[in-house]
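Throughout, a chain's letter reflects where its sequence line sits, starting with A, and its residues are numbered from 1. Because only heavy atoms are used, hydrogens play no part in the values below, and waters and symmetry mates are left out as well, while side chains stay in.
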There are 2 protein chains.
Amino acid sequence: MIRRIPQARDRGIPDATVARLPLYLRALNGMAERGTATVSSEDLALAAGVNSAKLRKDLSHLGSYGTRGVGYDVQYLIYQISRELGLTQDWAVAIVGVGNLGRALANYGGFASRGFRIAGLLDADPHVVGDRIAGLVVEHADELESVIKKRGVSIVVIATPATSAQQVCDRVIAAGVTSILNFAPVVLAVPDGVDVRKVDLSIELQILAFHEQRKANGGPIMAEEWPDGVVM
Amino acid sequence: MIRRIPQARDRGIPDATVARLPLYLRALNGMAERGTATVSSEDLALAAGVNSAKLRKDLSHLGSYGTRGVGYDVQYLIYQISRELGLTQDWAVAIVGVGNLGRALANYGGFASRGFRIAGLLDADPHVVGDRIAGLVVEHADELESVIKKRGVSIVVIATPATSAQQVCDRVIAAGVTSILNFAPVVLAVPDGVDVRKVDLSIELQILAFHEQRKANGGPIMAEEWPDGVVM
DNA sequence: GTGCCTTTGTGAAGCAATGCACAAAGTCGA
DNA sequence: TCGACTTTGTGCATTGCTTCACAAAGGCAC
Ligand SMILES: NC(=O)c1ccc[n+]([C@@H]2O[C@H](COP(=O)([O-])OP(=O)(O)OC[C@H]3O[C@@H](n4cnc5c(N)ncnc54)[C@H](O)[C@@H]3O)[C@@H](O)[C@H]2O)c1
Ligand SMILES: NC(=O)c1ccc[n+]([C@@H]2O[C@H](COP(=O)([O-])OP(=O)(O)OC[C@H]3O[C@@H](n4cnc5c(N)ncnc54)[C@H](O)[C@@H]3O)[C@@H](O)[C@H]2O)c1
């Protein structure tokens with residue numbers, strides 16, 4: 001039986017931890033702006049909305065960056081988390097599908113400030129191609145492969161209708177992209193080695209509705225039957 | 001020691017299961033449109049992008065709705081999942097903050113089709129108030145409480161800048177709302193009994209960047225040190 | 001120095017979710 | 001009616017994540 005010997009800086013950081021690091025980073029940036037020099041796990045955990053033991057365990061996966069009796073140096077921790085997440089370099093992102101959502105994303109300033117530079121906007125609709133949005137001109141979807149290669153795009157955001165998403169996905173993967181953020185409500189099929197993250201707003205609302213219903217009724221109405229009262 | 005006796009329709013559905021039900025529902029709706037009458041756990045799992053044992057276990061939390069040797073009746077399963085999620089009723093949703101993102105959400109047709117009716121759009125900016133978007137007129141944020149009460153809003157979407165989000169959140173909770181979908185990059189403090197779900201696009205990109213960096217380098221650059229090479 | 005106080009880092013226990021593997025249930029053709 | 005075949009529903013082992021609780025580390029006052 002093979003047992004992994006845990007090391008000081010174990011390379012395998014749990015997914016759950018990776019997903020929280022950006023949260024810590026955001027809280028730390030706020031503190032840095034307010035001039036805070038050091039912070040305890042307790043306070044940082046509070047600001048990030050997690051439990052302090054979890055925070056300490058998460059940070060311990062990156063290394064031993066705290067000082068007992070004192071806490072963590074805010075600037076140093078910002079740097080370490082940023083480095084771990086790969087935010088010390090900047091990333092070229094292309095947005096495919098410049099409709100309602102694609103436009104909102106393109107106009108959003110919060111990406112650039114985190115090192116995500118929008119390097120291309122692409123759409124299949126000739127009425128949209130040529131529009132200038134947030135300083136960029138929308139290019140035709142036919143240019144997808146060439147834009148990806150010329151501008152070193154490594155992350156693609158898919159904001160097309162569901163029907164085109166898989167096709168766009170296949171093309172960007174063929175062009176060498178291995179990180180995709182998908183807003184279309186479809187399950188994308190991708191080969192191993194490609195990471196897809198999805199954001200589905202309608203799923204979030206459905207989860208809220210589930211809990212809301214429980215709060216109101218203590219559960220769904222009409223347990224086992226069809227609306228007309230006939231059990232199948 | 002108290003041990004819960006598992007029942008045919010155990011009322012405590014695991015969170016992980018609830019989060020996947022909308023996925024199954026979407027896959028089932030696709031099948032229904034294509035005229036499929038029954039589906040096996042294997043096929044449905046494939047369409048939803050999960051493992052079939054997981055799918056069966058998830059569905060078993062709702063009840064025993066399959067037929068051995070055959071599979072699940074598509075229409076019946078759609079109804080059962082919808083009922084469980086609370087989608088057999090419709091929900092009035094208000095969007096607070098009608099900027100880039102709020103507009104995209106308001107214009108999106110995918111909510112109404114799932115029983116989420118946009119019942120109000122609110123903004124604090126007088127230049128935005130009065131705009132007509134997707135058939136609704138934007139109202140002033142001062143009307144928040146009255147809109148919630150008059151239109152029976154039970155889910156609020158917060159799409160304001162981060163600085164206003166907590167304040168909006170406090171107000172909607174005071175007005176009786178207990179389900180919130182938050183797009184602002186802040187941790188909202190809420191009392192017990194209030195559900196908040198958050199969508200943070202920039203976190204998703206950061207997670208992608210983390211994995212992308214690993215694929216490229218096998219890990220972050222300059223393990224323990226500051227950029228200038230001095231260990232703290 | 002020395003000792004007190006604070007806070008980290010981490011074993012270990014507890015809990016939740018996953019995935020395997022198969023008996024039981026039901027279908028369908030002969 | 002029966003037997004072969006398919007597919008569900010679930011017990012169980014496993015994995016992964018969370019939380020507790022505390023020894024060890026380090027700062028700081030005197
Ligand atoms: N708008 C929202 O709030 C929202 C919410 C949840 C999910 N979504 C999903 O996000 C996606 C985009 O939504 P939207 O509201 O922006 O839709 P939209 O119809 O406004 O925009 C889609 C854009 O994609 C373009 N397009 C179509 N096929 C293309 C292709 N092959 N290559 C490049 N571009 C192509 C279209 O020309 C259009 O401009 C949809 O899949 C939608 O379901 C949107
Ligand atoms: N646009 C995106 O793609 C995107 C991506 C990720 C996160 N976000 C987040 O979503 C939120 C909205 O983003 P946006 O791009 O639409 O911003 P925006 O500035 O375009 O829109 C914000 C709107 O909220 C309104 N507002 C401000 N204070 C208010 C209050 N107290 N009550 C009601 N309305 C108020 C403003 O008048 C404005 O119209 C922000 O928190 C942003 O960080 C946006």
Side-chain angles (χ1 to χ4, degrees), chain A residues 1-21 23-24 28 36-74 76-77 80-81 207 224 232, chain B residues 1-21 23-24 28 36-74 76-77 80-81 207 224 232:
Chain A
M1 190 239 270
I2 297 162
R3 176 166 290 283
R4 286 183 351 112
I5 296 113
Q7 292 180 314
R9 299 190 70 254
D10 194 338
R11 301 290 63 222
I13 297 179
D15 287 348
T17 295
V18 173
R20 283 187 296 264
L21 292 178
L23 234 55
Y24 304 152
L28 285 164
T36 312
T38 63
V39 65
S40 70
S41 62
E42 197 68 50
D43 291 350
L44 181 52
L46 193 75
V50 303
N51 151 321
S52 71
K54 182 150 55 179
L55 170 77
R56 289 197 298 278
K57 186 148 285 185
D58 282 344
L59 294 183
S60 79
H61 286 113
L62 314 190
S64 197
Y65 298 139
T67 307
R68 290 165 193 238
V70 177
Y72 300 88
D73 181 281
V74 172
Y76 185 56
L77 197 52
Q80 290 298 346
I81 296 178
I207 296 172
E224 316 267 350
M232 260 201 51
Chain B
M1 190 239 271
I2 297 163
R3 176 166 290 282
R4 284 178 358 108
I5 296 114
Q7 293 181 310
R9 299 191 68 256
D10 193 339
R11 301 289 62 221
I13 298 181
D15 287 349
T17 294
V18 173
R20 282 187 296 264
L21 292 178
L23 233 55
Y24 304 152
L28 285 164
T36 312
T38 63
V39 65
S40 69
S41 61
E42 197 68 51
D43 291 351
L44 180 52
L46 193 73
V50 303
N51 152 322
S52 72
K54 183 153 49 181
L55 170 75
R56 288 198 298 278
K57 187 152 288 186
D58 283 344
L59 294 183
S60 78
H61 285 113
L62 313 192
S64 197
Y65 297 140
T67 307
R68 290 165 193 238
V70 177
Y72 300 88
D73 181 281
V74 172
Y76 185 54
L77 197 51
Q80 290 298 346
I81 296 179
I207 295 171
E224 315 266 351
M232 260 200 48

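Not counting sequence neighbours, the partners of B:Asn51 by the side-chain contact (heavy atoms from CB on, under 4.5 Å) test are B:Ala53, B:Lys54. Every side chain to side chain donor-acceptor pair (under 3.5 Å) that B:Thr17 has, sequence neighbours left out, goes to B:Asp58. Partners of A:Leu23 according to the side-chain contact (heavy atoms from CB on, under 4.5 Å) rule, which considers only residues two or more places apart in sequence or in another chain, are A:Arg26, B:Lys198, B:Ile203. In terms of the side-chain contact (heavy atoms from CB on, under 4.5 Å) criterion, A:Leu46 has no residue partners (sequence neighbours excluded). Among residues two or more places apart in sequence or in another chain, the side-chain contact (heavy atoms from CB on, under 4.5 Å) test is passed with A:Ser52 by A:Ser41, A:Glu42, A:Ala45, A:Arg56.
Each of A:Thr67 and B:Arg68 was assigned the nucleotide of DNA chain D with the nearest heavy atom; the assignment lying further toward the 5' end belongs to B:Arg68.
Note that the two end axes of the helix from C:dG1-D:dC30 to C:dA30-D:dT1 enclose an angle of 10°, each drawn from 5 base pairs, rounded to 10 degrees.
Regarding A:Asp15, its CG atom lies at a distance of 10 Å from the P atom of D:dG16, rounded to whole Å. One can place CG of B:Asp58 at 12 Å from P of D:dG9, the figure rounded to the nearest angstrom. Atom-to-atom, NZ of A:Lys57 to P of D:dC22 comes out at 15 Å; the value is rounded to the nearest Å. Per the geometry, NE2 belonging to A:His61 stands 12 Å off P belonging to D:dG16, to the nearest Å.
When the side-chain nitrogen and oxygen atoms of B:Tyr72 are compared with OP1 and OP2 of D:dG9, one or more of them lie within a distance under 4.0 Å.
From B:Tyr76, atom OH reaches atom OG1 of B:Thr67 across 9.5 Å, with rounding to the nearest 0.5 Å.
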- Task: Report the C-alpha separation of B:Leu59 and B:Leu77 in whole Å, then their side-chain angles, then the decisive distance to 0.1 Å, and conclude whether the side chain to side chain contact (heavy atoms under 4.5 Å, CB included) test is met.
- Result: CA-CA 9 Å; B:Leu59 294 183; B:Leu77 197 51; 3.9 Å; yes
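The side chain of A:Arg56 lies closest to D:dC22 when the candidates are D:dG11, D:dC22, D:dG27.
Within residues 38-54 of chain B, the residues that place at least one heavy atom under 4.0 Å from DNA chain D are, in residue-number order, B:Ser40, B:Ser41.
Shown here for A:Ala48 and A:Tyr24, the closest heavy-atom pair between the two residues is CB-CD2, 3.7 Å. Nearest approach of A:Asp73 to A:Thr38, heavy atoms of both residues: CA-CG2, 4.2 Å. Of all non-hydrogen atoms in A:Leu44 and A:Val39, the two that sit nearest each other are N-CG2, 3.7 Å.
Identified under the salt bridge (charged side-chain N to carboxylate O under 4.0 Å, His left out) test for residues 60-70 of chain B, with sequence neighbours left out: none.
Scanning DNA chain C 5' to 3' for nucleotides with an atom closer than 4.0 angstrom to a non-hydrogen atom of chain A gives a first and last hit of C:dT6 to C:dA12.
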